[in-house]
Amino acid sequence: MIRPSLTDLIPSRLPLIQAPMAGAQGSALALAVCAAGGVGSLPAAMLSPEALQAELQVLRQQAQGSWNVNFFCHPAPTPDDAAEARWREALRPFYDEAGIDPTQVPAGAGRVPFSHAVADVIEPFAPPVVSFHFGLPAPDLLARVKSWGSVVLSSATTVDEARWLQAHGADAVIAQGLEAGGHRGMFLTADLSTQLGSFALLPQIAQAVDVPVVAAGGIANDDGVRAAMALGAAGVQVGTAYLCCPEASTSALHRAALMSEAARHTALTTLFSGRPARGIVNRLMETLGPLHPAAPAFPLATGAIAPLRNHFEALGRTDCTPLWSGQNTSGCKPVPAAELTAELAQGFA
Ligand SMILES: Cc1cc2nc3c(=O)[nH]c(=O)nc-3n(C[C@H](O)[C@H](O)[C@H](O)COP(=O)(O)O)c2cc1C
């Protein structure tokens, strides 16, 4: 079988997808990347139905070329009072320091999985591309998305996940190397020892599946793009490098951390959501250890952290802030997304 090119599958000038980054960008960054010839993405995991609809309207009216909307499809967790109490106890020194009573902190889910209710919101927009993290939605829901003509993508962190995604209907697979910022898309295993860096993961996934493979993780400039294409990628998905562009909504504290020496030390942590995600090491990660046994199931860990995050951020500190970042921040610059996209595009020449 001849593998289709990414730009045949997703019409755009460049086989370059701007990674969806929940909490750090909206339609403004997506529009800028689309205008520069790439595929812009809207992360929808943390948007209310109203906010999602408003963003989709902007993209439909203004996007040039193909754009992507991204959802999480994790199993909804069952809240567990005892587990929540253990988590708050682990955080107690931080609550004491902040003068917060943990019994007054409301539980908050933060992220809801893709559902028929969400599909109702996006159906009228028939997004050109819909990408998922943590696997794929149930077959009937996936069939619904495909019935609009949307191209479906999802992240694989192992060869087994790539094969699974192809077998279950993904039109292309994103090979998410261990260097990547944000949440690991892992869904067939919770064992972190299975997770491979991009140089090992990409060629093995490219060999294992027939659909186009999009490389993600650690790509920060045109040389990174060239390396990914040489290792069998049909295109690239770049996240971290876009975080300091003016069109991103990355907070000032997060931008400062990304541009500092602190960004040289990232780790996978479960503290902020319950699932492993890569971020710059901060005081909470140093104190509790980045992978904590008491962190509740995704995304329930978020609620207890929220007031601590707010408390320290009000003081101009990132002690309890998730500073999502990949291992390679060398591409983070305060330049327009069009400029960064043009630089990355040289890697396809
Ligand atoms: C701040 C941030 C937020 C992210 N949020 C999402 C998300 O909402 N959905 C998703 O599929 N991937 C998310 N990711 C992961 C990206 O899709 C991608 O795998 C990663 O950015 C690629 O590696 P890089 O950051 O080294 O470029 C996020 C990454 C970052 C850095």
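One-based numbering, in listed order, for ligands and for the atoms of each.
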Legend entry - Sub-4.0 Å heavy-atom contact, Y242 with ligand 1: no

Inset, instruction - Taking only Lys NZ, Arg NE, NH1 and NH2, and the carboxylate oxygens of Asp or Glu, determine whether D120 and R144 approach each other closer than 4.0 Å. - result: yes

Legend entry - Quiz item: cation-pi between R275 and F134, 6.0 Å / 45°: yes

Legend entry - Nearest-neighbour protein heavy atom for atom 10 (C) of ligand 1, which is reported as residue plus atom name and distance: N70 OD1, 3.5 Å

Inset, instruction - Report the nearest protein non-hydrogen atom to atom 19 (O) of ligand 1: residue, atom name, distance rounded to 0.1 Å. - result: Q176 NE2, 3.0 Å

Legend entry - Identity and separation of the nearest protein heavy atom to atom 29 (C) of ligand 1: G181 O, 3.1 Å

Inset, instruction - Just need the protein heavy atom nearest to atom 17 (O) of ligand 1, so name the residue and atom and give the distance. - result: Q237 NE2, 3.0 Å

Inset, instruction - Check each of G217, G239, G326 against atom 23 (O) of ligand 1 and report the one with the nearest heavy atom. - result: G217

Inset, instruction - Report, in ascending order of atom number, the atoms of ligand 1 lying under 4.0 Å from any heavy atom of T240. - result: 24 (P), 25 (O), 26 (O), 27 (O), 31 (C)

Inset, instruction - Output, in order, the C-alpha distance, side-chain angles, deciding distance and verdict of ring-ring contact (aromatic ring centres under 6.0 Å, His included) for F72 and F114. - result: CA-CA 6 Å; F72 289 176; F114 189 64; over 10 Å; no

Legend entry - Aromatic plane relationship, F71 with F132 - under 30° parallel, 30 to 60° tilted, over 60° perpendicular: tilted

Inset, instruction - May I ask you to identify, for A22, whether its side chain, its backbone, both or neither come under 4.0 Å of ligand 1 on a heavy-atom basis? - result: both

Legend entry - ring-ring contact (aromatic ring centres under 6.0 Å, His included) evaluation trace for H183 with F298: CA-CA 11 Å; H183 283 90; F298 180 89; 5.3 Å; yes

Inset, instruction - Please state whether N328 comes within less than 4.0 angstrom of ligand 1, counting heavy atoms only. - result: no

Inset, instruction - Under 4.0 Å, heavy atoms only, figure out whether ligand 1 is touched by the backbone of M21, its side chain, both or neither. - result: both

Legend entry - Test applied, side chain to side chain contact (heavy atoms under 4.5 Å, CB included); reference residue, V39; option that passes from T7, V214, N68: N68

Inset, instruction - List the closest protein heavy-atom neighbour of atom 16 (C) of ligand 1: residue, atom name, distance to the nearest 0.1 Å. - result: A19 CB, 3.7 Å

Legend entry - Salt-bridge present (K146, D171; N to O < 4.0 Å): yes

Legend entry - Passing candidate, side chain to side chain contact (heavy atoms under 4.5 Å, CB included) with C245, options V33, L340, T250: L340

Legend entry - Step-by-step side-chain contact (heavy atoms from CB on, under 4.5 Å) determination, D319 to L284: CA-CA 6 Å; D319 302 45; L284 187 69; over 6 Å; no

Inset, instruction - Say whether H183 and ligand 1 are in contact under the criterion: heavy-atom distance to a ligand atom below 4.0 Å. - result: no

Legend entry - Check: P43 N/O within less than 3.5 Å of ligand 1 N/O: no

Legend entry - Numbered atoms of ligand 1 (with element) below 4.0 Å of W324, judged on heavy atoms: 1 (C), 2 (C)

Inset, instruction - Give the contacting part of F72 toward ligand 1: side chain, backbone, both or neither, where contact means a heavy-atom distance below 4.0 Å. - result: side chain

Inset, instruction - Please indicate whether any nitrogen or oxygen in S155 is less than 3.5 Å from any nitrogen or oxygen in ligand 1. - result: no

Inset, instruction - Keeping the roles fixed (side chain from T240, backbone from G326), state whether a donor-acceptor pair exists under 3.5 Å. - result: yes

Inset, instruction - Would you check whether G218 has a nitrogen or oxygen atom less than 3.5 angstrom from a nitrogen or oxygen atom of ligand 1? - result: yes

Inset, instruction - Please verify whether a non-hydrogen atom of P20 lies at under 4.0 Å from ligand 1. - result: yes

Legend entry - Test item: side-chain donor near acceptor, T302 and R111, under 3.5 Å: yes

